[in-house]
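Inspection log for the structure reproduced underneath, given as structure tokens.
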Amino acid sequence: MKFGILGAGSWGCAFANLLVENGHDVLVWARRKEVVDEINNYSKNSYLPNVKLNFKATNDLNEIIEFSEFLVIAIPVQFIRDVIKNIKVWNIKGILNLSKGIENKTLKRVSEIIEEFTNTPYSILSGPSHAEEVANKIPTAVTVSGSNAKLFQSLISNDYFRVYTSEDITGVEIAGALKNVMAIAAGILDGLGGWDNSKAALMTRALHEMIKFGKIFGADEKTFFGLPGVGDLMVTCNSSHSRNRMFGELIAKGTTLNELIKNNKMIAEGIYTVKAVVEIAKKKNIEMPIANEVYEILYNNKNPKYSMVELMRRPLKKEWLI
Ligand SMILES: NC(=O)C1=CN([C@@H]2O[C@H](COP(=O)(O)OP(=O)(O)OC[C@H]3O[C@@H](n4cnc5c(N)ncnc54)[C@H](O)[C@@H]3O)[C@@H](O)[C@H]2O)C=CC1
Ligand SMILES: O=C(CO)COP(=O)(O)O
């Protein structure tokens with residue numbers, strides 16, 4: 001099959017290699033010409049520096065659309081709209097979204113952004129899947145949900161990348177978006193000196209906060225006890241590969257948010273999604289203590305140590321103790 005991939009970041013490139021490995025034709029769209037040249041001339045990309053890339057890239061959106069049977073989205077969520085608004089004709093069979101977040105300016109999930117522009121069948125793939133490990137064929141398992149879930153499961157699964165299917169698009173999207181926010185909080189505890197007990201308690205609370213938020217939008221609670229939920233929460237809160245966790249750790253150690261954004265080409269989606277989560281929680285009157293603390297630390301300079309200690313001292317709601 002012919003897959004066009006929007007986004008030549010670490011996940012777009014790792015996923016492109018996987019599709020090539022599975023025998024598919026792949027073309028990647030990169031925003032910047034120098035990234036296209038680096039991929040086409042040297043089979044390299046600074047977003048995934050230690051991996052040989054086995055595909056070609058273009059900077060021409062029309063070329064990608066003409067090429068593709070299926071379109072994969074691997075652009076950080078806040079930037080998706082500015083790219084896809086330039087697609088004039090959506091003559092593709094299906095969309096597979098890999099991106100995890102909620103758009104700040106509209107409070108929309110990726111499926112909701114996409115449906116503003118096209119009624120092309122939409123699916124999302126999400127779960128514990130750090131690009132660096134997938135690129136090195138380290139066994140990984142993810143979930144795909146949406147119109148073409150079974151088809152994508154057959155086209156994408158291989159001996160190191162297992163794809164399971166779900167009916168719960170909303171739950172998979174919300175789990176993937178919110179785990180990034182929670183991982184920033186987990187990283188803050190790492191930065192305070194590796195508070196492992198606190199981190200375990202935080203991750204337990206984080207899961208319940210994600211479930212509570214998801215159920216407001218009709219998500220299935222079961223989704224959060226699977227790969228898109230607790231699976232991705234654990235890997236992102238604990239992995240040295242996680243940008244969101246790393247941002248939290250560096251914030252706790254005194255780096256400012258602006259310095260992190262300026263000094264890192266990679267994107268930690270949670271620093272943007274947390275704004276949308278806090279705004280939605282306020283509108284829908286959902287108590288989101290961890291997300292609120294992450295927001296206060298990132299955007300109102302609340303002291304990370306004081307904030308986390310105070311948060312962890314707050315009594316857990318009875319129903320959250322499992
Ligand atoms: N990297 C990973 O291990 C995984 C990432 N994801 C998700 O994949 C999505 C894509 O992120 P990554 O591949 O990780 O990206 P990245 O963080 O590796 O690279 C940043 C990407 O964002 C693009 N970008 C930066 N500023 C931009 C702007 N102003 N306008 C348009 N594009 C801009 C860059 O060109 C680059 O493609 C994200 O939603 C992420 O949460 C999901 C699973 C694993
Ligand atoms: O989604 C991911 C792993 O499943 C990647 O997490 P980070 O964006 O925190 O690196």
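Positions are given from 1 along the sequence. Bear in mind that the values here come from a model prediction, so they are computed numbers and not experimental data.
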Can you tell whether the side chains of [X] and [Y] come within less than 4.0 Å, N to carboxylate O?
| X | Y | value |
| --- | --- | --- |
| E69 | K2 | no |
| E310 | R314 | yes |
| R245 | E249 | yes |

Shared hydrophobic cluster, [X] / [Y] (ILVMFWY, side-chain heavy atoms < 4.5 Å):
| X | Y | value |
| --- | --- | --- |
| L250 | I267 | yes |
| F247 | L192 | yes |
| L98 | L151 | yes |
| V36 | V51 | no |
| V235 | V142 | no |

Got a list of side-chain donor-acceptor pairs under 3.5 Å for residues 72-83, not counting sequence neighbours?
from	atom 1	to	atom 2	distance (Å)
Q78	OE1	N104	N	2.8
Q78	NE2	I102	O	2.8
R81	NE	E103	OE1	3.4
R81	NE	E103	OE2	2.8
R81	NH1	E116	OE1	2.7
R81	NH1	E116	OE2	3.3
R81	NH2	E103	OE1	2.8
R81	NH2	E116	OE2	2.8
D82	OD1	K85	NZ	3.4

Are the side chains of [Y] and [X] in contact, using a 4.5 Å heavy-atom criterion?
| X | Y | value |
| --- | --- | --- |
| V274 | Y299 | yes |
| M182 | L233 | yes |
| L189 | M308 | yes |
| L202 | S198 | no |
| D220 | K215 | no |
| Y122 | V110 | yes |
| N180 | K100 | yes |
| K212 | I216 | no |

Look at the rings of F70 and F152 and say which category their plane angle falls in: under 30° parallel, 30 to 60° tilted, over 60° perpendicular.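 F70 and F152: perpendicular rings.
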
Taking the six-membered ring for Trp, are F225 and H208 parallel (under 30°), tilted (30 to 60°) or perpendicular (over 60°)?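 The arrangement is perpendicular - the two ring planes meet at more than 60°.
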
Nearest heavy atoms of [X] and [Y], plus distance in Å:
| X | Y | result |
| --- | --- | --- |
| W90 | L71 | CZ3-CD2, 3.9 Å |
| V35 | N45 | CG1-ND2, 3.9 Å |
| A291 | V277 | CB-CG1, 3.8 Å |
| V144 | S123 | CG2-CB, 4.3 Å |
| L27 | F67 | N-CE2, 3.5 Å |
| A219 | F224 | CB-CE1, 3.8 Å |

After noting the C-alpha distance and the side-chain angles of V181 and I184, does the key distance pass the side-chain contact (heavy atoms from CB on, under 4.5 Å) rule? CA-CA 5 Å; V181 175; I184 293 172; 5.5 Å; no

Can a donor-acceptor pair be found between the side chains of K179 and T236 at a distance below 3.5 Å?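 Checked: K179/T236 side chains pair up, N/O donor to acceptor below 3.5 Å.
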
Indicate whether any N or O donor in one side chain lies under 3.5 Å from an N or O acceptor in the other, for N300 and E296.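 The criterion, which ignores hydrogens and geometry beyond distance, is satisfied for E296 and N300.
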
Give the C-alpha distance, both sets of side-chain angles, the deciding distance and a yes or no for side-chain contact (heavy atoms from CB on, under 4.5 Å) between L107 and E279. CA-CA 8 Å; L107 306 182; E279 191 172 339; 3.9 Å; yes

Under the side-chain contact (heavy atoms from CB on, under 4.5 Å) rule, what do N136 and N50 come out as? Steps first, then yes or no, please. CA-CA 9 Å; N136 286 298; N50 306 317; over 6 Å; no

[atom2] on [Y] to [atom1] on [X], rounded to 0.5 Å:
| X | Y | atom1 | atom2 | answer |
| --- | --- | --- | --- | --- |
| Y295 | M288 | OH | CE | 14.5 Å |
| L207 | C237 | CG | SG | 10.0 Å |
| M246 | L260 | CE | CG | 7.0 Å |
| I280 | K275 | CD1 | NZ | 14.0 Å |

Would the number of heavy atoms belonging to other residues, nucleotides or ligands and lying under 6.0 Å from [atom1] of [X] be above 12?
| X | atom1 | value |
| --- | --- | --- |
| K283 | NZ | no |
| K305 | NZ | no |
| N285 | CG | no |

Can a donor-acceptor pair be found, under 3.5 Å and without considering hydrogens, that links the side chain of [X] to the backbone of [Y]?
| X | Y | result |
| --- | --- | --- |
| T204 | A200 | yes |
| T256 | E259 | yes |
| S129 | G127 | yes |
| R205 | L311 | yes |

For the pair E173 and S111, evaluate side chain to side chain donor-acceptor pair (under 3.5 Å) and give the outcome as yes or no after the intermediate values. CA-CA 8 Å; E173 285 192 313; S111 55; 2.7 Å; yes

Co-members of Y47 in a cluster of I, L, V, M, F, W and Y side chains, linked at under 4.5 Å: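 Under the 4.5 Å side-chain rule, Y47 groups with M266.
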
Which hydrophobic side chains are connected to Y164, either touching it within the sub-4.5 Å cutoff or through other members that do?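 Members besides Y164, by chain and number: L227.
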
Restricting to pairs with a member in residues 145-156, which pass side chain to side chain donor-acceptor pair (under 3.5 Å), not counting sequence neighbours?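 Non-adjacent pairs meeting side chain to side chain donor-acceptor pair (under 3.5 Å): K150-T165.
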
side-chain contact (heavy atoms from CB on, under 4.5 Å) between N40 and F55: does it pass, once the steps are laid out? CA-CA 8 Å; N40 291 345; F55 53 85; over 6 Å; no

Partners of E115 by side chain to side chain contact (heavy atoms under 4.5 Å, CB included), sequence neighbours excluded?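 Checked E115 against side chain to side chain contact (heavy atoms under 4.5 Å, CB included); matches are E112.
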
Please output the side-chain donor-acceptor pairs of residues 6-22 that fall under 3.5 Å, not counting sequence neighbours, one pair per line with the distance.
from	atom 1	to	atom 2	distance (Å)
N17	OD1	N54	N	2.8
N17	ND2	K52	O	3.0
E21	OE1	K137	NZ	2.9
E21	OE2	K137	NZ	3.3
N22	OD1	N158	ND2	3.0
N22	ND2	L155	O	3.1
N22	ND2	I156	O	2.8

